[in-house]
Asker: 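One structure coming up, written as structure tokens, with questions to follow.
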2 protein chains.
Amino acid sequence: MKNKKTTIKEVAKKAGVSISTVSLVVNNLPYVSAEVREKVTNAIKELNFYPRRNARGLASKTSGNIGFILTENHFSQAEPFYTKIFLGTEFEARKHRYYVLLTTVAPTRTENEEIPRFLLEENVDGVIIAGKIHQSWIEEVQNRNLPLVLIDFEVSRQGVSSVLIDNAEGIHKAVDYLTKSGHREIGFIGGDIKHPSIKSRFTAYKQTLSEKGIEVRQDLISIDQTDTAIENGFVAAKKVMEISGKKPTAIIAANDAMAIGAIRFLKSSGYMVPKDVSVIGFDNVDAAEHVSPKLTTVHVPKEEMGAIAVKRLVEKIQKIDNVTMKTFVGVDLVLRDSTKVLSSKEVIPVK
Amino acid sequence: MKNKKTTIKEVAKKAGVSISTVSLVVNNLPYVSAEVREKVTNAIKELNFYPRRNARGLASKTSGNIGFILTENHFSQAEPFYTKIFLGTEFEARKHRYYVLLTTVAPTRTENEEIPRFLLEENVDGVIIAGKIHQSWIEEVQNRNLPLVLIDFEVSRQGVSSVLIDNAEGIHKAVDYLTKSGHREIGFIGGDIKHPSIKSRFTAYKQTLSEKGIEVRQDLISIDQTDTAIENGFVAAKKVMEISGKKPTAIIAANDAMAIGAIRFLKSSGYMVPKDVSVIGFDNVDAAEHVSPKLTTVHVPKEEMGAIAVKRLVEKIQKIDNVTMKTFVGVDLVLRDSTKVLSSKEVIPVK
DNA sequence: TTGAAAGCGCTAACAT
DNA sequence: ATGTTAGCGCTTTCAA
């Protein structure tokens, strides 16, 4: 019934050595003779010893935890995107023997906003922040000398590494596919346009069209939605379809949610997708596979982004590599059923 | 540049009291005069003091963490169900000032299976286990005298509380709705039939039919799939449709994934849903809203289940309430587009 | 290569 | 009501 865990002291006694020697063995440090190491190892096995995280932490000033900060709006049910990223960090962290402590903060930083408890308690060895966030939170982390990695967001600040989506590549692939399928009137709908990822998608849209010698028509663009939810896609698509002169034969949405909203509008207004209008999303969230028609979209490796961030962070924590860097993850166009080939100018591999 | 955090000692000095008095104030314990309390509070504010989790933990033998154990197969992309539950625990835990440490274990317990590190390190104050799990993991937790709450799983063991779905109620509502809509030939498809939740859904299906005086026909039932994924739903529906004599006009699936698979089969075989066959799922996962037709299903409050588990666990940890209990969460039928009214025997509210 | 000893920063008896 | 003191179980100098 007594369930006292064994301590390093007992191991030392059993092995006939000092506790500091046991500590050396436990932490796999050199300068321990093979025989002593074995004696200690055996004692550890027999007594079933495992060092307590708290004791270790107090003495070494480490926590074994990684903090993960997200703004509240990014961590709701409607936003599976960052949730996936978070789960990606969980998996990777485990491999490095860290646990992830999650917290959310308000999207706007107010006067008496609470600081994430894990920062106050010195309960994390490094921090990951995902998505657009108020600059002050970044400072809050850096002021505590904690390694920091951002995901899907960037700031120009010494020491802040980022894991980013190659948005330009994704849009390029989407536009390229559409033009090669014979589309010329290609619209774009977006929202939350100041978000770095959304902004670069929009910029890439305009640039790719230009490169292909296609005029960028303002009446095919709607980017003034404040958010990128399904409803916003509905409204934005409505605008584009109603305002535009020569109607678009294809619409690129800033993300899947908006693409789904766009499809809802199109269908509800009697347009056939993809017969009348092709739609391409971005992110490849789970729903993209379930909607009808199945959504052609740009796949973003969300879990992988979380995993990469953890790897970078651990490198910093363990001083293996402390270079400030941006990592761009590649993306791919996933062809499904929401896009139609008008006239194939080149052979298009359809899976 | 020096970033030494202030300690309780410095606060004591500044306030002109002993560190134990500061501790009393910090932990909001009684027996401190109002004036002293204020002096200390001021000193804490001025020095920006916040106790370190590690120091606190070592002295008080608490970690401030809750462990969450899931089998690997329950924590994959294909399984948004338990992920939602996990996220529910995250939210609720934060309210109680706990962090959640997540870990997965193999579905089958092997000889040298690794024990969750947070158990070995004494880094959690209590544990939540979600889904069907090998009994030995439950023992592993109990042997360490840690409070334990299960979600969507139960064992008859002193001290193990559970948060469960009212599966019988859900199926009852589904069958009831179908019969009142004029359906008599109602099939059931399932898999992983030993899972408590699946089993009770199947049992409730048979029982409800009987209660309504409808014969339980074996040729309308397929429950021998090993899993409850989309593909299994496809196969099970195929069996039921091909083997059965008088074809079913409605199929109840053990969960949404199988329902989606069933719809895929039906559509691919020329059946119209819901015109020829109505389909009802269980769980109400996100995809249910996106599939076409939108899935009528039994809504399970997943996040809430996670939250309830945390509440129960915290009660146990803090000795507020240590009763072993089962909590059943209610469920509701969500009417969407995958079910059809054949002949309304009663007024059916369709939202 | 090993051991002794001094903390790490707090909590929790126990005294007063 | 407040202070003294002894740990909690490790890591980490520093000596030997």
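Since this is a predicted model, take the numbers as computed values, not measurements. Letters A, B, ... mirror the listed sequences (proteins, then strands); counts begin at 1.
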Asker: Taking only the side-chain nitrogens and oxygens of B:Thr7, find out if one of them lies under 4.0 Å from OP1 or OP2 of C:dG9.
Answerer: no

Asker: Give the rounded distance in Å between these two atoms: CG of A:Asn54 and P of C:dC10.
Answerer: 13 Å

Asker: With ring-ring contact (aromatic ring centres under 6.0 Å, His included) as the test, pick out the partner of A:Phe68 among A:Phe86, A:Phe118, A:Tyr99, A:Tyr98.
Answerer: A:Phe86

Asker: Scan A:Asn27 against the nucleic acid and name what it touches under 4.0 Å (heavy atoms): base, sugar-phosphate only, or nothing.
Answerer: sugar-phosphate

Asker: Would you kindly check whether a donor in the side chain of A:Ser20 faces an acceptor in the base of C:dG3, or vice versa, at under 3.5 angstrom?
Answerer: yes

Asker: Could you work out which one of D:dT12, D:dT2, C:dC10 sits closest to the side chain of A:Ser23?
Answerer: D:dT12

Asker: Classify the ring geometry between A:Tyr82 and A:His74 as parallel (under 30°), tilted (30 to 60°) or perpendicular (over 60°).
Answerer: tilted

Asker: Can you tell me which nucleotide in C:dC10, D:dT2, D:dG9 comes closest to the side chain of B:Ile8?
Answerer: C:dC10

Asker: The side chain of B:Arg56 is closest to which nucleotide in this list: C:dC10, C:dT1, D:dT2?
Answerer: C:dC10

Asker: Given atom CG of B:Leu24 and atom C1' of C:dC14, what is their separation to the nearest angstrom?
Answerer: 13 Å

Asker: Below the 4.0 Å mark, does D:dT2 have OP1 or OP2 next to a side-chain nitrogen or oxygen of B:Ser18?
Answerer: no

Asker: Would one find a side-chain N or O of B:Lys61 under 4.0 angstrom from OP1 or OP2 of D:dG9?
Answerer: yes

Asker: Base, sugar-phosphate alone, or nothing: which one does A:Val26 contact when heavy atoms must sit under 4.0 Å apart?
Answerer: nothing

Asker: Does B:Glu38 have more than 12 heavy atoms from other residues, nucleotides or ligands lying within 6.0 Å of its CD?
Answerer: no

Asker: Can you check the A:Glu122 CD to C:dG9 P distance for me, whole Å?
Answerer: 8 Å

Asker: Once you round it to whole Å, what is the distance between P of D:dA1 and NZ of B:Lys39?
Answerer: 15 Å

Asker: One pair to check against salt bridge (charged side-chain N to carboxylate O under 4.0 Å, His left out): A:Glu92 and A:Lys95. What are the steps and the verdict?
Answerer: CA-CA 5 Å; A:Glu92 186 66 24; A:Lys95 290 189 199 161; 3.4 Å; yes

Asker: Using atom NZ of B:Lys13 as one end and atom P of C:dG9 as the other, report the distance to the nearest whole Å.
Answerer: 15 Å

Asker: Around atom CD of B:Gln135, are there more than 12 heavy atoms of other residues, nucleotides or ligands at under 6.0 Å?
Answerer: yes

Asker: Rounded off to whole Å, could you give me the CG-to-C1' distance for the B:Leu58 and C:dG7 pair?
Answerer: 12 Å

Asker: Considering only D:dT2, C:dC10, C:dG3, which nucleotide approaches the side chain of B:Ile19 most closely?
Answerer: C:dC10

Asker: On DNA chain D, check which nucleotide each of A:Ala59 and B:Val17 is closest to and give me the residue with the more 5' one.
Answerer: B:Val17

Asker: Under 4.0 Å between a side-chain N/O of B:Ser33 and OP1 or OP2 of D:dT2, yes or no?
Answerer: yes

Asker: Rounded to whole angstroms, how far apart are CD on A:Glu38 and P on C:dT2?
Answerer: 13 Å

Asker: Rounded to the Å, how far apart are A:Glu10 CD and D:dC8 C1'?
Answerer: 14 Å

